[in-house]
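All remarks here apply to the structure that follows.
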Amino acid sequence: MSPRYRAPRGTVDILPEEQPYWEHVYQTATRLCQVYGYSRIDTPIFEEAGLFARGVGQTTDIVQKEMYVFQDRGGEMMALRPEGTANVCRAYIQHGMRNLPQPVRLYYWGPAFRYDRPQAGRQRQFTHFGCEAIGENDPALDAELIELAWRLYQELGIADLTLQLNSVGDANCRPRYLAALKAHYQDKIGSACPDCRARFDKNPLRLLDCKVDSCQPVIASAPPFVDYLCEECAQHFQELRSYLEAMGIPYTLNPRLVRGLDYYTRTVFEIQPPEEGAQNTVGAGGRYDGLIEELGGRPTPAIGFATGIERIIANLKRTSVAVPAIAKPAVFVAYQMSAARSAASRLASELRRAGIAAVMAVGGRSLKAQMRQANAVDALYAAILGEEELATDTVILRRMEDGQQERVATKDVRRLIAKGLRQAR
RNA sequence: GUGGGCGUAGCGUAGCGGUUAACGCGCCAGGUUGUGGCCCUGGAGAUCGAGGGUUCAAAUCCCUCCGUCCACCCCA
């Protein structure tokens, strides 16, 4: 059976049973940001297409083949954001945040879009949580942000991730490294895989993370970037490492770690699950000291990090992390005979006004059916109103767990439920 | 963009050329006298992804398209 309408390819409905995961991740992330002094920012989910072309990088796959671009009714080329950093930087410039005490620490949470073929761990609309610290090049800030990222996963209870770290230098030293890398490949490129032959000209840095077996020997013998860092970059990297060590953040140096986005300078890092998988990065980030200037601001150093919520949740499930349940109704209000209907409605209303989660039986079903629903919604209590209760201004309060029930005065119902709720915890 | 797997009720599956398409879960309703969870009974719910073809006959064979999943590229 195919319904007439379904969610567009690569998009999903997040159904109620999935929400406990989302809620848990969201709560954990926002609490952490608060602890680290990061403030929330929300930016539009679409921007001028040029912002991303410029910010993410004209040569990246994201811009070349994955961007959701469209012309609006005014003829402007717009794009759904493929990630959040460019937006935040645009906002930083637009609102003159360089006049705030630096660095400016911001975080965001929301959808991002990439026109990709969906597969495990990849959707066309997905959810990004990210942090950006703008206006400071102190490696202590790199360390702080990496620690924040790392702690997010730790606090969520995903214990088996690894933090991969590398430095990709800056405008001073990268050309030198690329030259060395290409020299290393010069006589071997003919026998490399077709993808690598394309990378050699297009994006040589990416040669390093080719997964084809036959390319591994060349990669293994390739010179590591850290050997080619200029003095400033080398020192920055060294200081970052000592900060991380002082903070007890376990990291793995990965000289092959390069990122697909053009804007990264110096620090780059990724957080990965143990399994060799296709989409094995849950979060990633790095320093982007040239981006603000690229987007029309003054030269401003910055570092950021982003993580995919869907991938976090996949890892929570993979490692069987139990997440807190979302609160169930305290009471289900049922009634017998239509005469009791309005009294039941009034009771439900009063309870809710007192902040007690009350679900009212609707649909005029039999009491038996109503009780079945009380059971189905997993209510702590059922409150039942019938003829006798109407006559005596009482209600039957039944504890669903063990079926124990008693007739109580209507005015006491609220108090008794509240008491029961406290004991249930 | 390329390659592969799969498409039967809301979900998970059986049926793989021949009478009214089956089972489990879920849903709805009953099992007498105002009440749930277990059990029993009944019911609703599927133009077997769509279109075309082969055949006396197709959910079952063939083709095309669509959808979906997985992989590659790349990425969260």
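The structure presented is a predicted model; accordingly, all values stated were derived computationally and were not measured. What you see below is based on every heavy atom in this structure, not just the backbone, and it leaves out hydrogens, waters and symmetry mates. The chains referred to below are lettered A, B, ... by the order of the sequence lines, with proteins before strands, and numbering in each begins at 1.
- Taking only distance into account, the side chain of N375(A) never meets the base of rG37(B) through a donor-acceptor pair shorter than 3.5 Å.
- Atom name P, nucleotides rU41(B) and rG34(B): the rounded distance is 26 Å, in whole Å.
- Scanning atom types as modelled, no donor and acceptor separated by under 3.5 angstrom connect the side chain of R9(A) and the base of rU68(B).
- One interatomic measurement links the two molecules: CG of L152(A) to P of rA76(B), which rounds to 16 Å at whole-angstrom precision.
- The residue E388(A) sits close to a base: some heavy atom pair falls under 4.0 Å.
- Judged by the 6.0 Å and 45° rule, K182(A) forms a cation-pi pair with F200(A).
- Residue contacts for E401(A): at a heavy-atom cut-off of 4.0 Å it reaches a base atom on one of the strands shown.
- Taking atom P on both rC73(B) and rC62(B), the two are 33 Å apart, rounded to the nearest angstrom.
- When heavy atoms are screened at a 4.0 angstrom cut-off, Q370(A) is found touching no nucleic acid atom at all.
- For the C1' atom pair drawn from rU8(B) and rA59(B), the interatomic distance equals 7 Å after rounding to whole Å.
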*For Q164(A) and T162(A), run side chain to side chain donor-acceptor pair (under 3.5 Å): C-alpha distance rounded to whole Å, both residues' side-chain angles, the deciding distance at 0.1 Å, then the answer.*
CA-CA 6 Å; Q164(A) 313 271 318; T162(A) 60; 3.2 Å; yes
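- The base-pairing partner of rC28(B), taking Watson-Crick or G-U wobble contacts with both distances under 3.5 Å, is rG42(B).
- Annotation: cation-pi geometry not satisfied between R287(A) and Y264(A) (NZ/CZ under 6.0 angstrom from ring centroid, within 45° of ring axis).
- Spacing of P atoms, rA58(B) relative to rC70(B), comes out at 35 Å, to the nearest Å.
- No N or O donor and acceptor, one from the side chain of Q336(A) and one from the base of rU35(B), sit under 3.5 Å apart.
- As rounded to whole Å, 12 Å separates atom C1' of rU68(B) from atom CZ of R124(A).
- rG12(B) is paired with rC23(B) under the Watson-Crick or G-U wobble criterion, all donor-acceptor distances under 3.5 Å.
- Per the geometry, CZ belonging to F332(A) stands 14 Å off P belonging to rG37(B), to the nearest Å.
- Looking at heavy-atom distances under 4.0 Å, E389(A) makes contact with a base.
- Below the 3.5 angstrom threshold, one finds a donor paired with an acceptor across the side chain of R114(A) and the base of rA76(B).
- Atom name C1', nucleotides rA46(B) and rG4(B): the rounded distance is 29 Å, in whole Å.
- Minimum atom distance to the side chain of A120(A) is reached by rC70(B), of the listed rA76(B), rC70(B), rC28(B).
- rG26(B) sits 8 Å from rG10(B) when the C1' atoms are compared, rounded to a whole Å.
- Nearest-nucleotide assignment on RNA chain B puts the 5′-proximal partner with A376(A), out of A376(A) and G283(A).
- Here rC28(B) is the nucleotide among rU35(B), rC28(B), rC73(B) with the atom lying nearest to any side-chain atom of R365(A).
- In this structure, rU64(B) and rA50(B) make a Watson-Crick or G-U wobble pair, each of the two defining distances being under 3.5 angstrom.
- The existence of a salt bridge linking R407(A) and E388(A) is confirmed by a sub-4.0 Å separation between a basic side-chain nitrogen and an acidic carboxylate oxygen.
- Residue contacts for E387(A): at a heavy-atom cut-off of 4.0 Å it reaches no nucleic acid atom on any strand shown.
- Figure legend. rA76(B) is base-paired to no nucleotide; pairs are counted as Watson-Crick or G-U wobble with both atom distances under 3.5 Å.
- When Watson-Crick and G-U wobble pairs are counted only if both distances are under 3.5 Å, rU2(B) pairs with rA71(B).
- Nearest-nucleotide positions on RNA chain B place A7(A) closer to the 5' end than the other of A7(A) and Q125(A).
- Atom CZ in R6(A) sits about 15 Å away from atom P in rG7(B), given to the nearest Å.
- With hydrogens and angles ignored, a donor-acceptor pair under 3.5 angstrom links the side chain of K65(A) to the base of rC73(B).
- By the 30° and 60° cut-offs, the orientation of the rings of Y153(A) relative to F305(A) is perpendicular.
- The nearest whole Å value for the distance from the CD atom in Q119(A) to the P atom in rG67(B) is 17 Å.
- No close placement of the Y26(A) and H24(A) rings is indicated, their centers lying 6.0 Å or farther apart.
- When the P atom is compared between rA21(B) and rA44(B), the two are found 14 Å apart, to the nearest whole Å.
- Counting distance only, with no hydrogens placed and no angle test, the side-chain atoms of R117(A) and the base atoms of rG1(B) include no donor-acceptor pair under 3.5 Å.
- Between the CD atom of E66(A) and the P atom of rU2(B) there is a distance of 16 Å, given to the nearest Å.
- A straight line from CZ of F126(A) to P of rC74(B) spans 17 Å, rounded to a whole angstrom.
- Taking a cutoff of 4.0 Å between a charged side-chain nitrogen and a carboxylate oxygen, K411(A) and E350(A) do not qualify as a salt bridge.
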*I would like to know whether M97(A) and I41(A) meet side chain to side chain contact (heavy atoms under 4.5 Å, CB included); could you show each step before the answer?*
CA-CA 12 Å; M97(A) 292 190 204; I41(A) 183 169; 4.1 Å; yes
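- Distance check on atom P: rG12(B) versus rC74(B) gives 33 Å, rounded to whole Å.
- Within the 4.0 angstrom heavy-atom criterion, only backbone atoms of the sugar-phosphate kind lie near A369(A); the bases stay farther away.
- Rounded to a whole Å, the NZ atom of K368(A) is 10 Å from the C1' atom of rA29(B).
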